[in-house]
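Counting starts at 1 for both ligands and their atoms, in listed order.
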Amino acid sequence: MKLKDLPDDSPYTPGDKACEGCMASNIAINVMRILGRKTIVSVPPCCMSVFAGIFPAINWDVPYFHMQFANLASTITGISRALKAQGKDDVVVVGFGGDGGTADMGLQALSGAAHRDENILYICYNNEAYENTGVQASGSSPFGSWSSTTPVINGGTGNEYFPKDIPRILIAHNSTYVATAATSHIQDFINKVEKAKNLRGFRYIEVLSVCPPGWKVPTDSGPQLVEEAVDSGYWLLFEYEKGHLTINEEPKFEGLREFLSKQGRFDSLTEDQYQELETFYKNRWKIINNYQVNNDS
Ligand SMILES: Cc1ncc(C[n+]2csc(CCOP(=O)(O)OP(=O)(O)O)c2C)c(N)n1
Ligand SMILES: [Mg+2]
């Protein structure tokens with residue numbers, strides 16, 4: 001599907017209660033424009049479950065289940081299996097999870113579903129912290145970043161840990177489809193959601209999601225920051241399908257310092273921390289690039 005053919009209708013209706021400039025809201029609208037109305041949705045506790053409201057003032061215009069933190073993947077597995085028992089194969093069962101719910105609290109259920117190759121689509125909107133409850137660091141938060149649990153006051157240095165690589169963990173499960181996406185590369189984003197919609201088995205897409213209050217950035221800076229994240233190698237774009245990994249956009253490795261310096265959460269970054277970050281992103285790229293190089297060997 002080309003961008004110009006994207007239907008205006010979204011089963012996630014606009015006009016939610018998300019913060020100004022929230023990218024998660026935009027991701028929900030656009031993913032649902034592609035998935036369409038034969039879709040069942042589940043969302044665990046996270047910003048998205050809050051800003052979409054509660055019944056009857058809710059933005060989901062398709063069947064929707066709000067579940068507990070740890071069991072998004074098992075919830076959508078149950079729905080998917082119930083549909084199978086009814087002989088229905090044309091309904092997409094999708095879960096939208098935040099990075100905290102995905103990389104930390106829901107990881108066990110996610111791993112189980114990936115291992116069993118359950119027929120589900122899991123979209124992780126990664127805003128790199130537990131934003132909804134006041135910006136606590138998650139397993140996806142970047143090294144050196146401020147959060148309310150990794151303070152930079154009183155000699156603190158921000159987050160001491162590097163983010164978990166959930167796509168790579170799921171590739172190691174030999175999952176049916178694992179991809180990363182960015183709203184700046186919208187055709188690539190559409191292609192991936194459409195592909196995932198039409199495949200059967202375990203499908204996972206992780207999308208970078210700028211959170212202006214959590215990242216301490218202006219509310220209109222999200223689209224530009226995502227582009228810079230891809231250019232600088234901070235956010236890689238690739239997809240893994242049937243044992244093959246494809247890199248969709250080679251990072252230019254330009255502008256990492258500028259990208260970080262635009263975000264208040266990195267205000268206290270030292271030069272040593274910056275060097276560590278740069279090395280981390282370059283090494284991660286080498287690992288992913290090797291997956292592609294080794295495809296046919
Ligand atoms: C078991 C449990 N612990 C804690 C909470 C409180 N809680 C609700 S939303 C949330 C943050 C979720 O973070 P993430 O999954 O990254 O989504 P985001 O808020 O960033 O959109 C937390 C900690 C909860 N609902 N349930
Ligand atoms: Mg989050």
Side-chain angles (χ1 to χ4, degrees), residues 12 16-32 41-54 58-60 64-76 94-111 113 120-151 158-159 161-167 169-170 180-183 204-217 219 221-222 225-226 229 234-235 263-266:
Y12 182 84
D16 59 24
K17 298 171 194 70
C19 303
E20 194 176 323
C22 170
M23 217 160 236
S25 171
N26 186 277
I27 290 166
I29 292 173
N30 286 306
V31 167
M32 293 306 290
V41 178
S42 183
V43 182
C46 56
C47 293
M48 196 176 280
S49 63
V50 175
F51 65 60
I54 48 173
I58 191 164
N59 293 78
W60 298 105
Y64 167 80
F65 295 80
H66 176 48
M67 272 304 145
Q68 287 150 330
F69 225 140
N71 56 4
L72 173 61
S74 22
T75 298
I76 53 177
V94 61
F96 286 85
D99 51 290
T102 303
D104 301 329
M105 300 180 82
L107 186 56
Q108 185 176 345
L110 185 65
S111 169
I120 57 173
L121 170 57
Y122 191 113
I123 308 276
C124 171
Y125 68 97
N126 186 355
N127 52 25
E128 303 185 322
Y130 290 85
E131 306 291 11
N132 182 57
T133 37
V135 198
Q136 293 84 19
S138 79
S140 284
S141 294
F143 173 74
S145 60
W146 165 88
S147 75
S148 57
T149 49
T150 56
N159 188 20
Y161 311 113
F162 287 89
K164 297 182 196 176
D165 197 329
I166 302 303
I169 290 171
L170 293 172
T180 56
T183 45
Y204 175 88
I205 303 177
E206 189 168 314
V207 193
L208 183 63
S209 182
V210 175
C211 166
W215 292 27
K216 297 179 182 278
V217 296
T219 54
S221 63
L225 282 173
V226 173
Y234 181 92
W235 189 257
Q263 303 170 49
R265 64 179 175 157
F266 289 110

Ligand 1 to Asn132 polar contact by distance, N or O atoms, under 3.5 Å: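 Such a contact does occur with ligand 1.
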Close N or O approach (Gly101, ligand 1; < 3.5 Å):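 Yes.
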Sole candidate of Phe65, Trp60, Tyr64 that passes ring pair (Phe, Tyr, Trp, His ring centres under 6.0 Å) when paired with Phe96: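 Testing each of Phe65, Trp60, Tyr64 against Phe96, the sole residue satisfying ring pair (Phe, Tyr, Trp, His ring centres under 6.0 Å) is Trp60.
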To check your reading of the model: name the closest protein heavy atom to [atom], its residue, and the distance in Å.
atom	value
atom 25 (N) of ligand 1	Pro45 CB, 3.4 Å
atom 21 (O) of ligand 1	Tyr125 OH, 2.5 Å
atom 1 (C) of ligand 1	Met105 CE, 3.5 Å
atom 17 (O) of ligand 1	Cys46 CB, 3.2 Å
atom 24 (C) of ligand 1	Phe69 CD1, 3.4 Å

Geometry at the Mg ion (ligand 2) - Asp99 OD1 versus Ala129 O angle, rounded to 10 degrees: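 If I round to 10°, I get 110°.
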Validation row: [X], [Y] side chains within 4.5 angstrom (heavy atoms):
X	Y	answer
Cys124	Val207	no
Glu128	Cys211	no
Pro213	Glu131	no

In terms of side-chain heavy atoms, does [X] have a donor or acceptor partner in [Y] at a distance below 3.5 Å?
X	Y	value
Asp104	Ser138	no
Tyr122	Thr102	yes
Tyr125	Asp99	no

Arg265 to Trp146, cation-pi by 6.0 Å centre distance and 45° axis angle: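 No.
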Within-shell test, Ala129 vs ligand 1, heavy atom, strictly < 4.0 Å: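 Distance cut 4.0 Å: Ala129 passes for ligand 1.
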Which atoms of ligand 1 sit under 4.0 Å from any heavy atom of [X]?
X	result
Thr133	6 (C), 7 (N), 8 (C), 10 (C), 11 (C), 22 (C), 23 (C)
Glu131	18 (P), 19 (O), 20 (O)
Asn127	18 (P), 20 (O), 21 (O)
Asp99	15 (O), 16 (O)

Donor-acceptor contact below 3.5 Å, side chain Ser42 vs main chain Leu72: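 Not at all, since once roles are kept as given, no pair shorter than 3.5 Å links the two residues.
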Test item: Ser147 side-chain N/O and Ala137 main-chain N/O as donor-acceptor pair under 3.5 Å: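 Pair found, side chain donor or acceptor close to backbone of Ala137.
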From the candidates Pro44, Gly100, Cys124, the one that places a heavy atom nearest atom 14 (P) of ligand 1: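 Among Pro44, Gly100, Cys124, the closest heavy atom to atom 14 (P) of ligand 1 comes from Gly100.
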Nearest option to atom 18 (P) of ligand 1, as decided by whichever heavy atom of Gly214, Cys47, Ser209 sits closest: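 Looking at heavy atoms only, the winner is Cys47.
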Metal proximity, Ser209 vs the Mg ion (ligand 2), N/O/S cut-off 2.8 Å: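 It does not; every qualifying atom lies at 2.8 Å or beyond.
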